[in-house]
Novice: 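Here it is, the structure, as structure tokens.
Heads up: numbering here begins at 1 and tracks the sequence.
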Amino acid sequence: MSAHPLLGVDRLRVEYPVRGRPPFRAVDDVSFAIGPGETVGLVGESGSGKTTIANAVLGFAPAVAGTVRFDGEDILAASRDRRRRLSASLQVVFQDPYSSLNPSRTIGKTLAETLRPHGWPARPEVAQRVNSILERVGLDPAAADRYPGQFSGGQRQRIAIARALIVRPRLVICDEPVSSLDLSVQAQVLNLLRGLQEELGLSYLFISHDLAVVQHISTRIVVLYRGRVMEAGPAAVVYRHPAHPYTQALLQSAPVPNPSLQRARRTSRQRSAADLPGALKPESCQFAPRCPRAVDICREQPPAAELTSENVVVACHRWRELASAARGLEPLGQRPSPGQPPSPRAGPAQHC
């Protein structure tokens, strides 16, 4: 990673007020950095704090502690005017592009409108930039005269990517950008994002609940549970040899094309769930109430983040004794890889 990260998140904490109760802590002590041309993947279940972190970076969520530095500048306290200027360098691609596209406005007008906060170039240059970015994301420039309802889900996501890139950002936050797409279309969009990254030198903060998708596109992975980092490190290591029981659970919960193996995994999860411990002390490990590996120390104190020999940070009391067992997990790669064409059994491909 670069000695000077493009984005640095340090000990970020985000809380939301709750009437009559202590504030709800959605993100607690999260740190990571993204260098130029890198991708960091945030992965975890719904409610793990992934989107809240993205919103804090974008200025949409209230950070009560920590820092977020973009190109060395602490942007948490940036003024509205400064945030508007920063948006040219910091863009976002959402999960559902259709809901953020005006159905009564042509694609060309939507893309051109994105340039307004950053100063309108001359009219011929606007049209040229719209046509150029459409071609870059694999669409015909004639798409500029059409409306969102005339495009498939994959095509709409390409339009969303074009809208983010037309202002020439340096960092793009991708919030579940392929979760609603067919497997074959996911592969096309992921390969598009990787190609654009190499071509334009982009950095990505990539958010997903799917560890396989995150591993395919990311340099490093940060695994979140209830707002805290459970495990973080090089993507290939975290994916192939997870040290934390929660990361292992994410791997085991993913479907595989082998019915017998899938049935065995489901039985194992059900058996583990039946053996879960009861209510734990507030100062216990966050994951302990769901962890079938929890022991007394897990119920008595939170684990410290430790660095493994493979440069992975893991917050688990028992990671040393469990890490070797994790190497026996059936790899998620038995599924069709999101970066490769699906097998014929995966069903007909959708046109993107």
Novice: If you take all heavy atoms of Arg170 and Asp71, which pair is closest and at what distance?
Specialist: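 Between these two residues, the closest heavy atoms are NH1-OD2, 3.0 Å.
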
Novice: Using 0.5 Å steps for rounding, measure from the CD1 atom of Ile75 to the CG atom of Leu90.
Specialist: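 One gets 6.0 Å once the value is rounded to the nearest 0.5 Å.
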
Novice: If we check side-chain contact (heavy atoms from CB on, under 4.5 Å) with Ile133, which of these qualifies: Ile166, Val167, Ile159, Thr114?
Specialist: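 Only one option passes, and that is Ile166.
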
Novice: Which heavy atom in Tyr239 sits nearest to a heavy atom in Leu251, and how many Å separate them?
Specialist: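 Taking Tyr239 first and Leu251 second, the nearest heavy atoms are O-CD1, 3.6 Å.
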
Novice: Do Ile297 and Tyr246 belong together in a cluster built from hydrophobic side chains that touch within less than 4.5 Å?
Specialist: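 Different clusters.
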
Novice: Counting only N and O atoms by type, is there a donor-acceptor contact under 3.5 Å from the side chain of Glu176 to the main-chain atoms of His209?
Specialist: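 At least one qualifying donor-acceptor pair exists.
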
Novice: Does Met230 belong to the same Ile/Leu/Val/Met/Phe/Trp/Tyr cluster as Val295, with side-chain heavy atoms less than 4.5 Å apart forming each link?
Specialist: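 Per the 4.5 Å side-chain linkage, Met230 and Val295 are not co-clustered.
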
Novice: Hey, mind stepping through Val68 and Leu7 against side-chain contact (heavy atoms from CB on, under 4.5 Å) and telling me if it holds?
Specialist: CA-CA 7 Å; Val68 175; Leu7 180 73; 3.9 Å; yes

Novice: What I want to check is whether the side chains of Thr67 and Asp74 have a donor and an acceptor closer together than 3.5 Å.
Specialist: no

Novice: Using a strict 4.0 Å threshold on nitrogen-to-oxygen distance, state whether Arg290 and Glu45 make a salt bridge.
Specialist: yes

Novice: Applying side-chain hydrogen bond (donor to acceptor under 3.5 Å, both in side chains), run through Thr219 and Glu38 and close with a yes or a no.
Specialist: CA-CA 6 Å; Thr219 311; Glu38 284 191 330; 5.1 Å; no

Novice: I'd like to know whether Ser184 forms a side-chain hydrogen bond (donor to acceptor under 3.5 Å, both in side chains) with Asp182, so could you lay out the CA-CA distance, the side-chain angles of the two residues, the decisive distance to 0.1 Å, and finally the verdict.
Specialist: CA-CA 6 Å; Ser184 62; Asp182 176 82; 2.7 Å; yes

Novice: Would you say the side chain of Val229 lies within less than 4.5 Å of the side chain of Val313, judging by non-hydrogen atoms?
Specialist: no

Novice: Where do His244 and Cys316 come nearest, in terms of heavy atoms and distance?
Specialist: CD2-CB, 3.6 Å

Novice: With respect to Val214, which candidate in Leu42, Val40, Val238, Val43 satisfies the side-chain contact (heavy atoms from CB on, under 4.5 Å) definition?
Specialist: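 Per the side-chain contact (heavy atoms from CB on, under 4.5 Å) rule, the option paired with Val214 is Val43, out of Leu42, Val40, Val238, Val43.
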
Novice: Can you name the nearest heavy-atom pair linking Val14 to Ala61, along with the distance?
Specialist: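 What the structure gives for the nearest pair is CG1-CB, 4.2 Å.
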
Novice: Does any part of the side chain of Arg228, heavy atoms only, come nearer than 4.5 Å to the side chain of Arg25, both counted from C-beta?
Specialist: no

Novice: For side-chain contact (heavy atoms from CB on, under 4.5 Å), just list the numbers for Asp10 and Arg69, CA-CA rounded to whole Å, side-chain angles, deciding distance to a tenth of an Å, and then say yes or no.
Specialist: CA-CA 8 Å; Asp10 185 38; Arg69 296 187 179 277; over 6 Å; no

Novice: Report the distance from atom CZ of Arg83 to atom OG of Ser79, rounding to the nearest 0.5 Å.
Specialist: 9.5 Å

Novice: Give the minimum heavy-atom separation between Ser218 and Ala235, together with the two atoms involved.
Specialist: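 Ser218 and Ala235 have their closest heavy atoms at O-CB, 3.3 Å.
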
Novice: Are any of the side-chain heavy atoms of Asn311 and Val237 separated by less than 4.5 Å?
Specialist: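 A side-chain contact under 4.5 Å is absent here.
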
Novice: Nearest 0.5 Å please: distance from the CZ atom of Phe287 over to the SG atom of Cys298.
Specialist: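 Phe287 CZ to Cys298 SG: 10.5 Å, rounded to 0.5 Å.
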
Novice: Give a yes or no answer on whether the side chain of Arg226 reaches the backbone of Asp28 with a donor-acceptor pair at less than 3.5 Å.
Specialist: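 Judged by distance alone, no pair lies under 3.5 Å.
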
Novice: Closer than 3.5 angstrom, by distance alone: can the side chain of His317 be matched with the main-chain N or O of Gln301 as a donor-acceptor pair?
Specialist: yes

Novice: With distance as the sole test, does Tyr204 use its side chain to make a donor-acceptor pair with the main-chain N or O of Leu193 at under 3.5 Å?
Specialist: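 Between the backbone of Leu193 and the side chain of Tyr204 there is a qualifying donor-acceptor contact (under 3.5 Å).
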
Novice: Give a yes or no on whether the backbone of Gly37 and the side-chain of Ser203 come within a donor-acceptor separation of less than 3.5 Å.
Specialist: yes

Novice: Closer than 3.5 angstrom, by distance alone: can the side chain of Gln197 be matched with the main-chain N or O of Leu202 as a donor-acceptor pair?
Specialist: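 Confirmed, Gln197 side chain pairs with Leu202 backbone.
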
Novice: Would you call Leu190 and Phe206 a side-chain contact if the rule is heavy atoms closer than 4.5 Å?
Specialist: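 SC-SC contact between Leu190 and Phe206 confirmed.
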
Novice: Which distance, rounded to the nearest 0.5 Å, do you find between the CG of Leu111 and the CZ of Arg105?
Specialist: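 Leu111 CG to Arg105 CZ: 11.0 Å, rounded to 0.5 Å.
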
Novice: Backbone N or O of Val178 within a donor-acceptor pair of the Gln157 side chain at under 3.5 Å?
Specialist: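 No: the side chain of Gln157 does not pair with the backbone of Val178.
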
Novice: So, do Arg146 and Phe151 sit near enough that their side-chain heavy atoms are less than 4.5 Å apart?
Specialist: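 A side-chain contact under 4.5 Å exists here.
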
Novice: Just wondering, do Ile34 and Leu6 contact through their side chains at under 4.5 Å, heavy atoms?
Specialist: no

Novice: Do the non-hydrogen side-chain atoms of Arg293 and Glu321 ever get within less than 4.5 Å of each other?
Specialist: no

Novice: Please enumerate all residues that pass side-chain contact (heavy atoms from CB on, under 4.5 Å) together with Thr106, with sequence neighbours excluded.
Specialist: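 If we apply the side-chain contact (heavy atoms from CB on, under 4.5 Å) test to Thr106, skipping adjacent residues, the hits are Lys109, Tyr147.
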
Novice: If Ile, Leu, Val, Met, Phe, Trp and Tyr residues are connected whenever their side-chain heavy atoms lie under 4.5 Å apart, and connections chain through other members, are Leu58 and Val64 in the same group?
Specialist: no

Novice: Is it true that Val27 and Tyr16 fall in one hydrophobic cluster, defined by side-chain heavy atoms closer than 4.5 Å?
Specialist: yes

Novice: Taking a hydrophobic cluster as the set of Ile, Leu, Val, Met, Phe, Trp and Tyr residues connected by side-chain heavy atoms closer than 4.5 Å, whether directly or through intermediates, do Phe70 and Phe60 fall within one such cluster?
Specialist: yes

Novice: Are the side chains of Leu192 and Arg158 in touch, meaning some heavy atoms are under 4.5 Å apart?
Specialist: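 Leu192 reaches Arg158 side chain to side chain.
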
Novice: Would you say that more than 12 heavy atoms from the other residues, nucleotides or ligands in this model lie under 6.0 Å from the CZ of Arg82, or not?
Specialist: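 Atom CZ in Arg82 is packed in, count exceeds 12.
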
Novice: Using every non-hydrogen atom in the two residues, find where Val30 and Gly227 come nearest and quote the distance to one decimal.
Specialist: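 Smallest interatomic distance, heavy atoms only, reads CG2-O, 3.3 Å.
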
Novice: In sequence, state the C-alpha distance, the side-chain angles, and the governing distance for His241 and Val312, and then conclude on side-chain contact (heavy atoms from CB on, under 4.5 Å).
Specialist: CA-CA 10 Å; His241 308 303; Val312 172; over 6 Å; no

Novice: Before you tell me yes or no, could you show the steps for Ile217 and Arg194 under side-chain contact (heavy atoms from CB on, under 4.5 Å), namely the whole-Å CA-CA distance, both residues' side-chain angles and the distance that decides it to 0.1 Å?
Specialist: CA-CA 7 Å; Ile217 197 170; Arg194 292 184 68 177; 3.8 Å; yes

Novice: At what distance, to the nearest 0.5 angstrom, does CD of Gln188 lie from CD of Gln186?
Specialist: 11.0 Å

Novice: Is there a donor-acceptor contact under 3.5 Å from the side chain of Lys50 to the main chain of Leu224?
Specialist: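 No; zero donor-acceptor contacts below 3.5 Å.
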
Novice: Got a second to check how far Thr247's OG1 is from Ile221's CD1, nearest 0.5 Å?
Specialist: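 Result: 9.0 Å between the selected atoms.
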
